[in-house]
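Read the structure below first, then the notes.
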Amino acid sequence: AAQGLNLTRPEHARVFDRRLDDAARDFCARHRAVVTPSHVGDPRFCEAGMREEAMNQLSRAEWRAVRDAERERRRSSR
C-alpha cells in the first residue's frame with residue numbers, strides 16, 4: 001500500500017491513509033469471522049486491528065505523518 005510513496009510527505013500520507021482504510025475494509029469483509037470471531041457483527045474491530053498492524057510497521061516519522069493524515073480526514077468528515 002505504501003509502494004511509491006514517501007509517507008513523511010503530507011500528500012503521500014493522505015494517499016496511504018485512504019489505501020490503508022480501503023485495504024482493511026476489503027480484508028475484513030472477507031476474513032472478519034476468522035480474524036475477530038467474537039466481533040463478527042461489528043467490522044470496526046477487525047478494521048482497527050488491521051490498521052494497527054500496518055501502522056506498527058512504519059518508522060516513527062511515517063507513523064506520525066499517517067496519524068496526522070487520519071486525524072485530518074476524520075475532522076473534515078464531521
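Along the sequence shown, residues are numbered consecutively beginning with 1. Hydrogens, waters and symmetry mates play no part in the numbers below; they use all other heavy atoms, side chains included.
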Value rounded to 0.5 Å, distance of CG in Asn56 from CH2 in Trp63:
9.0 Å
Calculate, to the nearest 0.5 Å, the distance between atoms CG and CZ belonging to Leu20 and Arg25 respectively.
10.5 Å
Closest non-hydrogen contact found for Leu7 with Glu62 is CB-CG, 3.7 Å
To the nearest 0.5 Å, how far apart are CZ in Phe45 and OG in Ser38?
8.0 Å
Can you tell if the side chain of Met50 reaches within under 4.5 Å of the side chain of Val35, non-hydrogen atoms only?
yes
Look at Arg73 together with Asp21 and state whether they make a salt bridge at an N to O cut-off of under 4.0 Å.
yes
Validation row: Glu11, Arg14 side chains within 4.5 angstrom (heavy atoms)
yes
State the CD-CE distance between Glu70 and Met55, to the nearest 0.5 angstrom.
6.5 Å
Residue pair Asp26 / Arg30, side-chain heavy-atom distance below 4.5 Å
yes
When rounded to the nearest 0.5 Å, the distance separating CZ of Arg60 from CZ of Arg67 is 10.0 Å
Under-4.0 Å salt bridge between Glu47 and Arg51:
no
Rounded to the nearest 0.5 Å, the NE2 atom of His39 sits from the SG atom of Cys28 at a distance of 12.5 Å
For residues Phe16 and Leu58, determine if any side-chain heavy atom of one lies less than 4.5 Å from a side-chain heavy atom of the other.
yes
Are any non-hydrogen side-chain atoms of Arg19 and Leu5 less than 4.5 angstrom apart?
yes
Residue pair Ala65 / Ala13: nearest heavy atoms and the distance that separates them:
O-CB, 3.5 Å
